[in-house]
Amino acid sequence: MIVTAKDLEIRGKEKKISNKTNKEYLIVRVEDETGKSTELLDWNVENFDRYKRGTIANFELNLDIGKYINISIKDFTTTE
């Protein structure tokens, strides 16, 4: 399922390596307008420099609901 999350503020980012696949990925920390923070996963490490702290963006997310819920970033656009 594809969902859209609008007007999230980028608060931080970091590169990680998967223990299962040894594949590099990004953890992107965002906040909504109420200040609630969430961490999103982005498999496209080339986006690293696009994530700038304080930037407001709309995110298109892959949402996989099964035994566990998996959320990953499909794409994002900045609104500023």
Side-chain angles (χ1 to χ4, degrees):
M1 175 182 325
I2 305 295
V3 296
T4 301
K6 294 186 176 190
D7 298 328
L8 300 178
E9 182 178 354
I10 298 169
R11 302 301 295 157
K13 62 188 176 184
E14 69 180 291
K15 285 185 182 179
K16 298 259 190 172
I17 296 177
S18 170
N19 290 334
K20 291 182 181 178
T21 64
N22 286 330
K23 186 176 177 184
E24 200 170 36
Y25 64 95
L26 303 174
I27 295 294
V28 181
R29 286 177 292 288
V30 296
E31 286 183 359
D32 66 12
E33 67 278 354
T34 66
K36 182 176 190 251
S37 64
T38 304
E39 290 185 342
L40 301 173
L41 180 138
D42 190 343
W43 287 105
N44 185 356
V45 293
E46 292 178 10
N47 285 335
F48 187 82
D49 291 331
R50 291 182 61 203
Y51 293 113
K52 304 219 183 299
R53 184 178 173 92
T55 302
I56 305 297
N58 296 326
F59 288 83
E60 191 173 338
L61 305 171
N62 291 312
L63 179 65
D64 182 23
I65 301 173
K67 183 176 180 181
Y68 302 101
I69 296 174
N70 294 310
I71 300 172
S72 62
I73 297 170
K74 180 176 181 185
D75 196 16
F76 74 101
T77 55
T78 58
T79 59
E80 298 177 337

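None of the values given here were measured: they were computed from a predicted structure.
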Quick one, [X] and [Y] - any side-chain contact, counting heavy atoms below 4.5 Å?
X   : Y   : value
E31 : K36 : no
T78 : I56 : no
Y51 : I73 : yes

Donor-acceptor pair, distance only, cut-off 3.5 Å: does the side chain of [X] make one with the backbone of [Y]?
X   : Y   : value
R29 : E39 : no
D32 : L8  : no
K15 : V45 : no
T55 : I10 : no

Say you draw a straight line from [atom1] of [X] to [atom2] of [Y]; how long is it, rounded to the nearest 0.5 Å?
X   : Y   : atom1 : atom2 : result
L63 : K74 : CG    : NZ    : 13.0 Å
R50 : T77 : CZ    : OG1   : 8.5 Å
I65 : I71 : CD1   : CD1   : 8.5 Å
E33 : E9  : CD    : CD    : 11.0 Å
D7  : F59 : CG    : CZ    : 11.0 Å
L61 : N70 : CG    : CG    : 12.5 Å

> Taking only residues two or more places apart in sequence or in another chain, which ones pass side chain to side chain contact (heavy atoms under 4.5 Å, CB included) with Y25?
Replying inline: K16, S18, I27, L41, W43
> In the hydrophobic clustering (ILVMFWY, side-chain contacts below 4.5 Å, transitive), which residues join I17, or is it alone?
Replying inline: none
> Given the rule that I, L, V, M, F, W and Y join up when any side-chain heavy atoms are under 4.5 Å apart, are F76 and M1 in one cluster?
Replying inline: yes
> Name the one of L40, N62, D64 that satisfies side chain to side chain contact (heavy atoms under 4.5 Å, CB included) with S72?
Replying inline: N62
